[in-house]
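Have a look at the structure below, then the notes.
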Amino acid sequence: GVALDYAGQNIYWTDWGTEIIGVAKMDGSYAKAIVSENLAFPVGIALDPNEGYMYWTDASYWTPRIERAAMDGSERTILIGSNLDSPTGIAIDLNARRLYWCDAWTSIIESSDLNGSDRRTVVSHS
């Protein structure tokens, strides 16, 4: 996944091959890993630059989850760690203050508030 922080002129990405979340300036300079531990299959990433948080999906076979951290990689926390199979894409509705994600195995789109509470199924193809 890739997300842009226009205010900070940074690009953020997930890399499941090297199991990192990285950040660099939009020209590619100053690239570095900001999350590199306890990641198995980071896929999607979304940013809330106004609040200073990034959100990502980890489609790990054993521990699929949705996490949040400060945009420097600190303050990491698992928001949703149950009833997930393979969370992939993630987006934020900044106006409604809600996360949306899709699950590749279940073909479900779900939503929660930005703290992982008030979880709802939005679309289900069962």
Side-chain angles (χ1 to χ4, degrees):
V2 174
L4 299 176
D5 169 18
Y6 292 103
Q9 292 293 294
N10 292 316
I11 184 169
Y12 288 75
W13 69 91
T14 58
D15 186 335
W16 59 265
T18 57
E19 299 177 353
I20 64 142
I21 295 174
V23 64
K25 295 309 252 178
M26 284 188 187
D27 66 4
S29 62
Y30 303 103
K32 64 181 177 179
I34 54 173
V35 178
S36 59
E37 296 180 6
N38 301 316
L39 288 172
F41 201 84
V43 184
I45 188 166
L47 305 176
D48 183 355
N50 293 334
E51 298 296 325
Y53 287 112
M54 61 181 172
Y55 300 80
W56 69 91
T57 57
D58 190 327
S60 162
Y61 180 77
W62 300 108
T63 55
R65 59 197 180 271
I66 296 171
E67 296 191 59
R68 176 183 69 200
M71 290 173 66
D72 65 0
S74 65
E75 302 176 40
R76 183 175 174 185
T77 187
I78 297 172
L79 297 179
I80 299 174
S82 62
N83 298 315
L84 294 168
D85 285 308
S86 185
T88 51
I90 190 167
I92 301 176
D93 179 339
L94 293 173
N95 292 327
R97 310 300 298 158
R98 293 195 65 82
L99 286 175
Y100 290 82
W101 66 91
C102 57
D103 194 301
W105 286 102
T106 61
S107 300
I108 292 175
I109 298 172
E110 291 186 83
S111 170
S112 75
D113 66 22
L114 296 182
N115 293 313
S117 300
D118 191 27
R119 188 171 173 178
R120 304 175 191 168
T121 298
V122 178
V123 176
S124 176
H125 291 290
S126 53

Verify the cluster assignment for [X] and [Y]: are they in a single hydrophobic cluster under the rule of side-chain heavy atoms below 4.5 Å apart?
X: I66; Y: W56; value: no
X: I92; Y: I90; value: yes
X: I34; Y: L47; value: yes
X: Y100; Y: Y53; value: no
X: Y12; Y: L94; value: no

side-chain contact (heavy atoms from CB on, under 4.5 Å) partners for N115, two or more places apart:
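N115 satisfies side-chain contact (heavy atoms from CB on, under 4.5 Å) with R68, D113 only.
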- Does R65 offer a backbone N or O that forms a donor-acceptor pair with the side chain of D58 under 3.5 Å?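 No; zero donor-acceptor contacts below 3.5 Å.
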Does D103 reach the main-chain N or O of D85 with its side chain, forming a donor-acceptor pair under 3.5 Å? yes
Looking at every non-hydrogen atom in both residues, tell me the closest pair between [X] and [Y] and how far apart they are.
X: W101; Y: P87; answer: CD1-CB, 4.4 Å
X: S124; Y: I108; answer: OG-CG1, 4.1 Å
X: A3; Y: A46; answer: CB-CA, 4.5 Å

Going by chain and number, the hydrophobic cluster around Y61 (ILVMFWY, side chain to side chain under 4.5 Å) further includes W62
CE of M71 to OH of Y55, rounded to nearest 0.5 Å, is 11.0 Å
State, yes or no, whether a side-chain contact exists between [X] and [Y] at a heavy-atom distance under 4.5 Å.
X: T57; Y: L84; answer: no
X: E51; Y: L114; answer: no
X: Y30; Y: N10; answer: no
X: E67; Y: V35; answer: no

What I want to check is whether the side chains of D72 and S74 have a donor and an acceptor closer together than 3.5 Å.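 The answer is yes; a qualifying pair exists.
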Output a table of donor-acceptor pairs, distance under 3.5 Å, between side-chain atoms of residues 18-26 and any protein atom two or more places apart or on a different chain; print 'none' if there are none.
from	atom 1	to	atom 2	distance (Å)
T18	OG1	D15	OD2	3.2
K25	NZ	G8	O	3.0

**Asked** Going through the checks in order, is the side chain to side chain contact (heavy atoms under 4.5 Å, CB included) test met by S112 and L79?
**Response** CA-CA 9 Å; S112 75; L79 297 179; 6.0 Å; no
Report task. Only counting residues at least two apart or in another chain, list the ones meeting salt bridge (charged side-chain N to carboxylate O under 4.0 Å, His left out) with D48. Result ->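 D48: salt bridge (charged side-chain N to carboxylate O under 4.0 Å, His left out) contacts with R97.
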Sorted by chain and residue number, the salt bridge (charged side-chain N to carboxylate O under 4.0 Å, His left out) partners of D118 (sequence neighbours excluded) come out as R98, R120
So with a 6.0 Å cut-off around CD of Q9, is the heavy-atom count from everything else above 12? yes
ring-ring contact (aromatic ring centres under 6.0 Å, His included) filter on F41, not counting sequence neighbours, yields W16
